[in-house]
Amino acid sequence: INSFDENPPMIDEDNVVLGVGYVEFIVTDSQSGVDFSSIYGIDHDGNNLKPKQIDEKSGKVSFSMKTNSITVYVSDKSGNQVSGNFNLEESPYPKTKADLEEKETKKS
């Protein structure tokens, strides 16, 4: 019996870490597997970006961002593609290191 993978990978949108200058997310594919070499992003300025870091074991992918938004594209080994749009809302308050650490503590 041949199994045919028609389902794209999944981006875990509940555990996205979005901060000033970066985004981290987890991607999974239960059938053919994630094609990690296929992952790329397009930022607000139209720049094509490669991930800064990929951990294939956990599925964690990190991108550096020079703008406040990025659309990422992830394919599986069967060629199915999913996209995710991450947008860092402009905050009237500058983020401090303490704010970021407090946010990290709450997530843990």
Side-chain angles (χ1 to χ4, degrees):
I1 297 174
N2 262 349
S3 66
F4 192 67
D5 180 2
E6 295 181 336
N7 297 318
M10 289 186 47
I11 295 172
D12 181 355
E13 294 186 11
D14 294 332
N15 291 302
V16 172
V17 178
L18 187 57
V20 177
Y22 72 97
V23 62
E24 294 176 353
F25 57 90
I26 304 224
V27 63
T28 57
D29 187 272
S30 61
Q31 293 180 319
S32 64
V34 175
D35 179 1
F36 287 98
S37 67
S38 77
I39 300 173
Y40 70 97
I42 306 286
D43 71 11
H44 183 71
D45 294 337
N47 297 310
N48 191 324
L49 306 171
K50 282 289 186 191
K52 181 177 72 171
Q53 191 172 7
I54 295 176
D55 181 344
E56 292 189 21
K57 199 175 251 184
S58 69
K60 185 174 177 181
V61 179
S62 304
F63 276 90
S64 293
M65 293 172 29
K66 288 189 175 128
T67 64
N68 281 348
S69 66
I70 187 171
T71 302
V72 298
Y73 298 88
V74 181
S75 296
D76 64 18
K77 292 177 181 167
S78 293
N80 302 304
Q81 188 179 66
V82 66
S83 65
N85 189 11
F86 304 109
N87 193 350
L88 184 62
E89 293 297 327
E90 291 273 7
S91 169
Y93 307 104
K95 291 269 185 249
T96 64
K97 191 168 191 270
D99 291 339
L100 295 173
E101 286 170 350
E102 183 179 319
K103 188 176 161 191
E104 285 296 307
T105 307
K106 286 181 180 171
K107 282 202 160 212
S108 302

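All values derive from a computational prediction rather than experimental measurement. We count residues from 1, following the sequence as given.
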**Student:** Quick one: closest heavy-atom pair of S37 and D35, and the distance?
**Tutor:**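 Shortest heavy-atom separation between S37 and D35 comes out as OG-OD1, 2.7 Å.
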**Student:** Between F63 and D43, does the side chain to side chain contact (heavy atoms under 4.5 Å, CB included) criterion hold? Intermediate values first, please.
**Tutor:** CA-CA 10 Å; F63 276 90; D43 71 11; over 6 Å; no
**Student:** Say you draw a straight line from CG of D76 to CG of N7; how long is it, rounded to the nearest 0.5 Å?
**Tutor:**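 Here the interatomic distance stands at 8.5 Å.
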**Student:** Please report the shortest heavy-atom distance between S62 and E24, naming the atom on each side.
**Tutor:**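 In terms of heavy atoms, the two residues are closest at OG-CG, 3.3 Å.
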**Student:** At what distance, to the nearest 0.5 angstrom, does OG of S64 lie from CD of Q53?
**Tutor:**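 One finds 10.0 Å between OG of S64 and CD of Q53.
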**Student:** Check each of I26, I11, V27, V34 against V61 using the side-chain contact (heavy atoms from CB on, under 4.5 Å) test, and report the only one that passes.
**Tutor:**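 Output: one option passes, namely V27.
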**Student:** Closest approach of S75 and P9, non-hydrogen atoms and distance?
**Tutor:**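 That closest heavy-atom pairing would be C-CG, 3.6 Å.
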**Student:** Applying the 4.5 Å side-chain criterion to the ILVMFWY set and letting contacts propagate, would L88 and V23 be lumped into a single cluster?
**Tutor:**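 Yes: a chain of side-chain contacts under 4.5 Å links L88 to V23.
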**Student:** Of all heavy-atom pairs between I70 and M65, which one has the smallest distance, and what is that distance?
**Tutor:**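 Heavy-atom minimum between the residues: CG2-SD, 3.6 Å.
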**Student:** Should the heavy atoms of other residues, nucleotides or ligands under 6.0 Å from CD of Q81 be counted, would the total exceed 12?
**Tutor:**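 More than 12 within 6.0 Å, yes.
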**Student:** Treat each ILVMFWY residue as a node, draw an edge where side-chain heavy atoms are under 4.5 Å apart, and state whether I42 and V74 are in one component.
**Tutor:**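 No, I42 does not connect to V74 through the hydrophobic network.
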**Student:** Given the rule that I, L, V, M, F, W and Y join up when any side-chain heavy atoms are under 4.5 Å apart, are I54 and V82 in one cluster?
**Tutor:**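 Hydrophobic grouping puts I54 with V82.
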**Student:** Do V16 and V20 land in one hydrophobic cluster if side-chain heavy atoms of ILVMFWY residues count as linked below 4.5 Å?
**Tutor:**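 Yes, V16 connects to V20 through the hydrophobic network.
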**Student:** Which heavy atom in L18 sits nearest to a heavy atom in N87, and how many Å separate them?
**Tutor:**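 So the two residues come closest at CD2-O, 3.4 Å.
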**Student:** How far does CD of E13 sit from CG of N85, to the nearest 0.5 angstrom?
**Tutor:**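 If I round to the nearest 0.5 Å, the distance is 10.0 Å.
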**Student:** Working to the nearest 0.5 Å, report the span between CG of N47 and OH of Y40.
**Tutor:**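 Between N47 CG and Y40 OH, I get 14.0 Å after rounding to 0.5 Å.
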**Student:** If you look at every heavy atom in V72 and F25, which pair is closest and at what distance?
**Tutor:**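 Residues V72 and F25, closest heavy atoms: CG2-CZ, 3.8 Å.
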**Student:** Working to the nearest 0.5 Å, report the span between CG of L49 and NZ of K66.
**Tutor:**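 L49 CG to K66 NZ: 7.5 Å, rounded to 0.5 Å.
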**Student:** Hey, mind stepping through K77 and D29 against side chain to side chain contact (heavy atoms under 4.5 Å, CB included) and telling me if it holds?
**Tutor:** CA-CA 9 Å; K77 292 177 181 167; D29 187 272; over 6 Å; no
**Student:** Using a 3.5 Å distance criterion without hydrogens, assess whether the side chain of N80 forms a donor-acceptor pair with backbone atoms of D5.
**Tutor:**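 Yes; judged by distance alone, with no hydrogens or angles, the pair exists.
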